[in-house]
Amino acid sequence: MPLPELQAIRQAKADQLRAMGIDPYPSRARRSHTSDEALKRYAALEPTLGQAGEDPEAITVVGRIVGFRDQGKTVFAHLRDGHGQLQLFVRREALGEDAHAAFRKLYDLGDFAQATGHLFRTRAGEVTLRVVEVRMLAKALNAPPEKWHGLTDVETRYRRRYADLLASADVRRVFEIRARTVSALRRFLDGRGYLEVETPVLQPLYGGAAARPFTTHHNALDQTFYLRIADELYLKRLVAGGYERVYEISKDFRNEGIDRNHSPEFTMLEFYEAYADYTTMMESVETMVAQVATEVLGAPRIPFRGEGVDVSPPWPRRTLRDAIREASGVDYVEHPDQAGLLAAARAAGADVPADTVWARIVDELLKQFVRPNLIAPTFLTDYPVALSPLAKRKADDPTHVERFQPFLGGGEIGNAFTELNDPLDQLARFRDQQRDREAGDEDAMPIDADFVNALMYGMPPTGGVGLGIDRLVMLFTDQDSIRDVVLFPALRNLPPEADPVVALVSGIDLPDDPAPPGGDGA
RNA sequence: GGGCCGCUAGCUCAAUUGGCAGAGCAGCUGACUCUUAAUCAGCUGGUUGAAGGUUCGAGUCCUUCGCGGCUCACCA
């Protein structure tokens with residue numbers, strides 16, 4: 001048998017259609033109404049219709065067959081399109097005996113079909129199409145997942161997202177919200193005069209974040225390239241070049257662990273504004289998130305764990321130092337050396353390895369004591385300079401930089417600062433990074449001489465923000481895992497011999513000399 | 001990478017202390033003129049993730065491997 005049983009049965013039905021002169025994969029479809037347009041049409045028409053309650057005019061709809069209830073002379077089916085679904089009422093006397101028999105025997109759940117007929121309301125009250133003509137648009141060989149439970153195995157859902165999507169309206173909704181969120185962010189920035197730009201994904205030198213890159217190779221140039229870990233340094237070059245407001249929505253890549261909050265490729269929004277500083281950018285962020293939430297979700301409120309969290313501006317602002325001090329009792333400013341801070345952190349109950357560097361201990365205090373409680377939107381501001389090699393120092397406190405991170409739902413959704421535009425300070429910070437790098441810190445940034453050169457031409461005072469789009473979408477859709485807001489999350493390859501899809505497809509025997517499309521078997 | 005848990009029919013799930021691998025959905029055959037998780041009768045469908053081992057006998061116990069989830073470490 002060329003196909004497993006279930007697929008072979010459907011393939012045989014396709015062949016029967018061909019034998020009847022019907023192409024099971026026609027090139028064109030016709031539709032006069034989407035499902036929601038049909039429902040609206042009937043709602044508007046119903047009061048004017050007589051006793052019969054039937055639309056005298058025929059309409060044509062298309063979609064996938066998602067329900068099929070055969071009662072002999074009558075078949076009820078549901079056709080789902082991108083806008084909803086519509087019930088079909090398929091009667092023998094309306095369709096003719098042969099067409100009716102063909103519909104009953106040769107159409108299956110999952111097939112795409114086109115139906116023409118008249119709208120009416122059934123006794124059970126559902127607006128339904130009384131079908132006078134039906135046509136196959138695409139025969140499905142695989143049966144759809146179980147109609148009530150859908151796909152529950154998360155691995156299968158991620159590997160075969162198409163099956164997940166066709167089985168689950170909830171999953172489809174998540175990615176619709178994602179798309180609308182990205183488009184609302186664009187609208188917000190476009191409306192404020194930002195220019196959307198595209199900077200290199202393949203970079204000869206990576207930078208702009210503390211992370212390990214993916215490395216690749218260009219054959220013709222015989223040169224190593226890195227997949228970008230951030231857009232920051234390129235976008236600031238553009239500000240130095242004279243654009244006052246730029247943004248990019250980019251896939252960034254970090255060669256690090258994968259977990260609920262981390263994907264090796266993820267989507268980041270970065271935007272930079274000349275003559276702004278980090279306080280301006282805080283206003284932009286809180287306004288943007290609230291406005292986008294209103295546009296996408298209907299209110300400035302995210303559905304956090306079923307509870308909901310208000311994201312209306314203004315968001316409270318607290319310095320990192322105060323937040324840590326209040327939550328843990330540790331004032332890191334009083335412990336400028338590693339040993340002292342380590343002892344204080346441990347005394348406060350933090351779990352910190354003995355060899356943790358000073359800046360990382362501060363980060364641990366933030367993570368362990370502060371972050372989990374930041375459910376309502378909050379800006380933490382003013383970070384120690386050691387944590388932020390691209391941010392500008394505070395004028396009144398050179399040990400801290402003008403940086404903030406927006407927190408929401410117990411996690412950070414971004415990172416922002418008044419950008420460092422002093423070329424020599426930037427060079428010094430790069431050199432510090434270089435020293436960390438030589439000391440074995442693989443995440444430390446390499447020196448980007450060309451970026452320093454750009455700053456030497458002069459970059460205006462600038463505020464910049466990076467926002468994690470995946471995390472924002474997780475909050476907007478109340479999903480706990482980044483994999484549930486990424487359509488095709490990165491997964492380890494199955495060995496071919498263990499992959500059921502490879503087994504299915506490699507087991508298919510095709511005719512030696514396949515007939516031209518639509519011609520075989522006819 | 002470490003620890004814990006999981007993998008049974010196309011899909012969703014069962015299977016007592018180790019004792020004949022089952023059900024629902026889907027599918028096939030048939031019945032049925034307003035159903036909507038339609039219903040009714042009958043039927044098909046399995047290398048229990050893979051390979052070894054223990055045993056009279058393994059879905060179940062042991063070992064190794066594969067993939068996934070959670071978690072810790074690293075990070076946004």
Side-chain angles (χ1 to χ4, degrees), chain A residues 3-10 12-13 66-78 85 87-94 100 104-105 108-110 120-126 128 130 140-160 163-164 167 208-212 229-230 252-270 351 353 356 360 363-364 367 405-406 411-415 441-443 466-472 474 480-483 489 491-501 503-504:
Chain A
L3 285 168
E5 189 185 1
L6 293 182
Q7 285 79 3
I9 288 165
R10 285 166 173 250
K13 293 179 181 180
V66 294
F68 201 90
R69 295 177 294 281
D70 182 357
Q71 291 185 106
K73 280 189 187 171
T74 304
V75 182
F76 285 94
H78 271 100
Q85 55 181 45
Q87 182 167 256
L88 306 181
F89 181 81
V90 184
R91 286 198 118 181
R92 186 183 295 167
E93 51 260 37
H100 184 259
R104 290 179 66 196
K105 293 295 163 196
D108 287 301
L109 288 177
F120 74 110
R121 194 180 282 281
T122 62
R123 269 176 222 161
E126 181 167 348
T128 297
R130 188 187 304 273
L141 296 187
N142 284 333
E146 211 256 4
K147 67 179 169 190
W148 193 242
H149 302 92
L151 270 185
T152 61
D153 181 77
V154 292
E155 181 176 354
T156 308
R157 290 184 43 228
Y158 298 153
R159 288 192 192 278
R160 311 213 263 283
D164 188 29
R212 274 184 285 167
I229 60 174
D252 291 352
F253 307 85
R254 298 190 185 174
N255 203 342
E256 285 161 353
I258 297 177
D259 62 34
R260 268 211 320 279
N261 291 307
H262 300 268
S263 169
E265 62 179 299
F266 62 101
T267 304
M268 175 107 103
L269 163 65
E270 291 194 37
D351 178 20
T356 310
R360 294 271 319 136
D363 203 36
E364 281 303 315
K367 245 191 247 182
Q405 289 193 286
E412 54 186 84
I413 58 171
N415 190 19
D441 181 358
E442 287 184 81
D443 290 349
L467 271 190
I469 299 301
D470 310 276
R471 288 187 179 174
L472 197 62
M474 286 166 68
D480 288 331
S481 171
I482 193 170
R483 292 185 192 88
L491 292 175
R492 198 185 291 274
N493 257 341
L494 288 174
E497 68 276 11
D499 186 337
V501 173
L504 170 69

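We use all heavy atoms of the structure for the numbers below, so side chains are in, but hydrogens, waters and symmetry mates are not. Lettering of chains follows the sequences in order, A, B, ..., and the numbering in each one begins at 1.
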Would you say Met474(A) and Asn261(A) make side-chain contact, with heavy atoms under 4.5 Å? yes
Do Glu126(A) and U36(B) share a donor-acceptor pair, side chain to base, under 3.5 Å? yes
With rounding to the closest Å, how many angstrom separate the P atoms on U35(B) and U39(B)? 13 Å
Between C70(B), C11(B), G66(B), which nucleotide gets closest to the side-chain atoms of Pro495(A)? G66(B)
The nucleotide from C28(B), C67(B), U35(B) with an atom nearest the side chain of Ala124(A) is U35(B)
Residue Trp148(A), side-chain heavy atoms: nucleotide from A38(B), A37(B), G68(B) that is nearest: A37(B)
Separation of Asp153(A) atom CG from G10(B) atom P, in whole Å? 14 Å
Among Arg92(A), Arg104(A), Arg69(A), which residue meets the side-chain contact (heavy atoms from CB on, under 4.5 Å) test with Val75(A)? Arg104(A)
Base, sugar-phosphate alone, or nothing: which one does Asp70(A) contact when heavy atoms must sit under 4.0 Å apart? base
Can you tell if the side chain of Leu504(A) reaches within under 4.5 Å of the side chain of Asn142(A), non-hydrogen atoms only? yes
Which part of the nucleic acid does Arg121(A) contact within heavy-atom distance under 4.0 Å: base, sugar-phosphate only, or nothing? nothing
Consider the side chain of Arg104(A), meaning its heavy atoms from C-beta on, and name the nucleotide among U35(B), C67(B), C32(B) that approaches it most closely. C32(B)
Whole-Å distance separating the CG atom of Leu109(A) from the P atom of U36(B): 16 Å
Mind checking Gln87(A) for me? I need base, sugar-phosphate or nothing, with any heavy atom below 4.0 Å counting as a touch. base
Side chain of Phe89(A) only, heavy atoms from C-beta on: which candidate in C13(B), G68(B), C34(B) is closest? C34(B)
For a quick check of understanding: with a heavy-atom distance under 4.0 Å over all strands, which category does Thr267(A) fall into, base, sugar-phosphate or nothing? nothing
With sequence neighbours left out, what residues match Val154(A) under side-chain contact (heavy atoms from CB on, under 4.5 Å)? Arg157(A), Tyr158(A)
When the distance from NZ of Lys73(A) to P of A31(B) is rounded to whole Å, what number comes out? 13 Å
Just checking Phe253(A): base, sugar-phosphate only, or nothing, at a heavy-atom cut-off of under 4.0 Å? nothing
For Arg492(A), answer base if it contacts any base atom (sugar-phosphate contacts may also be present), sugar-phosphate if it contacts only those atoms, and nothing otherwise; contact means non-hydrogen atoms under 4.0 Å. sugar-phosphate
Closest to the Ala210(A) side chain: A76(B), C32(B), G69(B)? A76(B)
Base, sugar-phosphate, or nothing for Thr122(A), non-hydrogen atoms under 4.0 angstrom? base
Heavy atoms under 4.0 Å, any strand shown: does Lys147(A) hit a base, just sugar-phosphate, or nothing? sugar-phosphate
Mind checking the C1' distance from C20(B) to U60(B)? Whole angstroms is fine. 15 Å
What nucleotide among C74(B), A76(B), G68(B) has an atom nearest to a side-chain atom of Ile482(A)? A76(B)
Need one value for Arg92(A): base, sugar-phosphate or nothing, where a base atom within 4.0 Å counts as base even if backbone is also close, heavy atoms only. nothing
At 4.0 Å (heavy atoms only), tell me whether Leu6(A) reaches a base, stays on the sugar-phosphate, or touches nothing. base
Determine yes or no for a side-chain-to-main-chain donor-acceptor pair under 3.5 angstrom, with Glu256(A) supplying the side chain and Arg212(A) the backbone. yes
Looking across every strand, which nucleic acid part, if any, lies under 4.0 Å from Leu491(A) by heavy atom: base, sugar-phosphate, or nothing? sugar-phosphate
Give a yes or no on whether the backbone of Thr267(A) and the side-chain of Asp470(A) come within a donor-acceptor separation of less than 3.5 Å. yes
Touch class at under 4.0 angstrom, heavy-atom based, for Gly414(A) against every strand present: nothing
Over how many whole Å does the gap from His78(A) atom NE2 to U35(B) atom C1' extend? 9 Å
Under 4.0 Å protein heavy-atom contact, by nucleotide of nucleotides 40-45 of chain B - B base, S sugar-phosphate only: ----S-
Answer with base, sugar-phosphate or nothing: what part of the nucleic acid does Ala211(A) contact at a heavy-atom distance below 4.0 Å? nothing
Between C67(B), C74(B), U12(B), spot the one nearest the side chain of Glu146(A), thanks. U12(B)
Return the stems involving RNA chain B, sorted by first number, where pairs are Watson-Crick (N1-N3 with N6-O4 or O6-N4) or G-U wobble (N1-O2 and O6-N3), both under 3.5 Å, and runs are 3 or more long. B:1-7 with B:66-72, B:10-13 with B:22-25, B:27-31 with B:39-43, B:49-53 with B:61-65
Phe266(A) ring over A76(B) six-membered base ring, under 5.5 Å and 30°: yes
Where the side chain of Ala143(A) is concerned, which of A26(B), G69(B), U12(B) is the nearest nucleotide? A26(B)
To the side chain of Asp108(A), which of C28(B), C70(B), U12(B) is closest? C28(B)
Measure from the side-chain N and O atoms of His100(A) to the backbone N and O of Glu93(A), and report whether any donor-acceptor pair falls under 3.5 Å. no
Classify Asp259(A) by what it touches in the nucleic acid, base, sugar-phosphate, or nothing, heavy-atom distance under 4.0 Å. base
